[in-house]
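Single-structure report; data block below.
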Number of protein chains: 2
Amino acid sequence: MHGEIAPGQPLTLRGVGAEFDVSMTPAREAVRRLTAEGALTLSSSGRVSTPELSNDRIEELAALRALIEVELASRALPRAHIALIDRLQSINAHIAEDIQRHDAVGYIRRNLEFHRTLYLRAQAPAMLAMAETVWLQLGPTMRALYGKLTQKDPPHYHRLIISALKAGDEPGLRLAVRSDVTQGLKMLVG
Amino acid sequence: MHGEIAPGQPLTLRGVGAEFDVSMTPAREAVRRLTAEGALTLSSSGRVSTPELSNDRIEELAALRALIEVELASRALPRAHIALIDRLQSINAHIAEDIQRHDAVGYIRRNLEFHRTLYLRAQAPAMLAMAETVWLQLGPTMRALYGKLTQKDPPHYHRLIISALKAGDEPGLRLAVRSDVTQGLKMLVG
DNA sequence: ATGTGTTGTTTGTGATCACAAAAGAACGCA
DNA sequence: TGCGTTCTTTTGTGATCACAAACAACACAT
């Protein structure tokens with residue numbers, strides 16, 4: 001999810017097991033669960049690797065993010081108090097640091113933390129789980145994107161999200177979330 | 001997915017293995033994959049059972065169905081030719097038979113086949129997989145609903161979907177799909 | 001130099017086992 | 001009869017093994 005593994009990287013059961021000091025059996029379970037969620041792809045011979053997404057699939061996943069996360073944000077809006085907004089701003093500051101540090105994995109992790117913190121207020125665990133499944137599928141590919149990212153500013157739309165939350169502006173919030181979600185992935189396809 | 005298992009029914013690894021004449025290992029894999037998709041719930045002690053959904057969760061899953069399936073239908077619309085519509089009508093006829101026969105499982109299976117047939121035209125495998133994950137989570141609960149269903153007519157909104165497809169009416173199609181998806185689940189919550 | 005066949009290694013699969021925790025049954029006591 | 005305790009059984013967990021399929025490396029022939 002955090003892009004620590006590059007797209008297309010193959011994994012072996014024995015390798016994963018050795019990495020976490022367990023036998024093949026638990027490694028198999030974990031790998032199979034991740035493949036069930038689409039985080040790993042299973043070749044015809046049973047070998048697993050991190051997926052290399054086609055442009056079509058990236059577009060699909062971006063559309064899914066837009067659909068689900070806009071809904072989550074909308075549901076979170078009525079419950080968003082000042083403490084939540086403070087927390088989001090704090091996370092945003094950390095994101096700026098990660099950008100300075102050129103820490104792509106940290107950037108992705110905190111970016112998702114920003115979104116998750118907001119969506120947790122929606123009190124919609126099934127939807128949140130769905131959104132995280134999409135994040136899981138996009139993880140390796142997002143790393144490939146943000147790795148070659150050379151911007152210096154923290155994400156533009158995060159500020160829009162925060163001000164829409166402050167203003168209680170639901171249409172503005174929906175638009176800001178949709179833009180934030182779509183923005184980065186447009187670069188990948190283009 | 002088809003509601004063959006009642007909500008809350010416990011499953012054992014050895015039991016599943018015996019049912020399919022395999023050892024515990026493949027049974028474990030299958031069960032764990034299904035739990036990863038939310039089709040089965042994992043108790044704290046590692047025991048698995050089919051989920052008993054709260055009203056809040058049913059509402060969430062219905063909202064997810066509405067979001068994703070409306071989008072899928074919308075994407076399928078431009079590619080929907082007459083052969084597809086014929087097939088949908090044929091499935092609809094089978095649904096009527098299942099209702100006559102009071103075959104709840106057959107009814108659910110064919111209802112999902114109706115939707116899947118339409119959505120396959122959307123050429124959006126990731127979205128379709130997402131929709132099927134939601135179906136999987138709702139399966140046992142839907143059985144509990146349609147089991148006590150005493151209507152005699154085939155689903156009302158299926159006809160609306162078909163006529164919207166024929167007319168190329170996108171807003172009408174979106175509304176019909178949303179209504180069809182929401183309809184049954186409202187009864188569960190109410 | 002390239003294609004092809006062969007060999008040696010890696011890898012996933014399914015089965016079985018030992019063990020500990022949990023659930024259920026049996027029992028005794030109030 | 002109701003309830004707590006003990007004992008038996010069931011159940012998930014992680015490890016290990018044998019096997020076959022897939023892969024990689026290499027040598028050979030064209």
Side-chain angles (χ1 to χ4, degrees), chain A residues 1-54 57 125-126 128-129 132-133 135-141 143-144, chain B residues 1-54 57 125-126 128-130 132-133 136-141 143-144:
Chain A
M1 185 188 287
H2 299 141
E4 290 157 23
I5 310 182
Q9 183 162 123
L11 299 181
T12 66
L13 297 185
R14 289 173 175 85
V16 173
E19 185 173 351
F20 294 94
D21 273 319
V22 291
S23 84
M24 283 175 61
T25 314
R28 227 160 108 181
E29 257 191 48
V31 162
R32 283 299 154 62
R33 275 170 43 185
L34 289 170
T35 58
E37 296 186 69
L40 297 172
T41 61
L42 195 65
S43 93
S44 60
S45 65
R47 283 169 158 83
V48 291
S49 58
T50 213
E52 302 185 87
L53 304 181
S54 69
R57 186 155 283 240
L128 181 55
E132 293 194 316
T133 295
W135 296 349
L136 217 44
Q137 297 185 40
L138 282 170
T141 302
R143 161 65 184 280
Chain B
M1 185 188 289
H2 299 141
E4 290 158 23
I5 310 183
Q9 183 162 125
L11 298 180
T12 66
L13 297 184
R14 288 173 175 87
V16 174
E19 184 173 352
F20 294 95
D21 274 319
V22 292
S23 84
M24 282 176 60
T25 315
R28 225 159 110 180
E29 256 191 49
V31 162
R32 283 298 154 61
R33 274 170 42 183
L34 289 170
T35 58
E37 296 186 69
L40 297 173
T41 61
L42 195 65
S43 92
S44 61
S45 65
R47 283 173 159 84
V48 291
S49 58
T50 215
E52 302 185 88
L53 304 181
S54 68
R57 186 156 282 240
L128 182 55
M130 226 63 180
E132 293 195 315
T133 294
L136 217 44
Q137 297 184 39
L138 282 171
T141 302
R143 161 66 183 280

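A note on names: the letters A, B, ... follow the listed sequences, proteins ahead of strands, and every chain is numbered from 1.
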*Output all residues satisfying salt bridge (Lys or Arg N to Asp or Glu O under 4.0 Å) with A:R33, sequence neighbours left out; order by chain, then residue number.*
none

*Of all residues at least two apart in sequence or in a different chain, which pass the salt bridge (Lys or Arg N to Asp or Glu O under 4.0 Å) check with A:E4?*
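Expected list: A:R109.
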
Polar atoms only, N or O, under 3.5 Å: list the protein pairs with nucleotides 12-16 of chain C and their distances.
{"from": "C:dG12", "atom 1": "OP1", "to": "A:L13", "atom 2": "N", "distance (Å)": "3.4"}
{"from": "C:dG12", "atom 1": "OP2", "to": "A:L13", "atom 2": "N", "distance (Å)": "3.0"}
{"from": "C:dG12", "atom 1": "N7", "to": "A:R14", "atom 2": "NH1", "distance (Å)": "3.0"}
{"from": "C:dG12", "atom 1": "O6", "to": "A:R14", "atom 2": "NH2", "distance (Å)": "3.3"}
{"from": "C:dT13", "atom 1": "OP1", "to": "A:R32", "atom 2": "NH2", "distance (Å)": "3.2"}
{"from": "C:dT13", "atom 1": "OP2", "to": "A:R32", "atom 2": "NH1", "distance (Å)": "3.2"}
{"from": "C:dT13", "atom 1": "OP2", "to": "A:R32", "atom 2": "NH2", "distance (Å)": "2.6"}
{"from": "C:dG14", "atom 1": "N7", "to": "A:R28", "atom 2": "NH1", "distance (Å)": "3.1"}
{"from": "C:dG14", "atom 1": "N7", "to": "A:R28", "atom 2": "NH2", "distance (Å)": "3.3"}
{"from": "C:dA15", "atom 1": "OP2", "to": "B:S23", "atom 2": "N", "distance (Å)": "2.4"}
{"from": "C:dA15", "atom 1": "OP2", "to": "B:S23", "atom 2": "OG", "distance (Å)": "2.8"}
{"from": "C:dA15", "atom 1": "N7", "to": "B:T25", "atom 2": "OG1", "distance (Å)": "2.8"}

Report all side-chain donor-acceptor pairs from residues 15-28 of chain B shorter than 3.5 Å, counting only partners two or more places apart or in another chain.
{"from": "B:S23", "atom 1": "OG", "to": "B:T25", "atom 2": "N", "distance (Å)": "3.3"}
{"from": "B:R28", "atom 1": "NE", "to": "A:E29", "atom 2": "OE2", "distance (Å)": "3.1"}
{"from": "B:R28", "atom 1": "NH2", "to": "A:E29", "atom 2": "OE2", "distance (Å)": "3.2"}

*side-chain contact (heavy atoms from CB on, under 4.5 Å) involving A:L136 - partner list, sequence neighbours excluded*: A:M1, A:L34, A:E37, A:A39

*With sequence neighbours left out, what residues match A:S49 under side-chain hydrogen bond (donor to acceptor under 3.5 Å, both in side chains)?*
A:T41

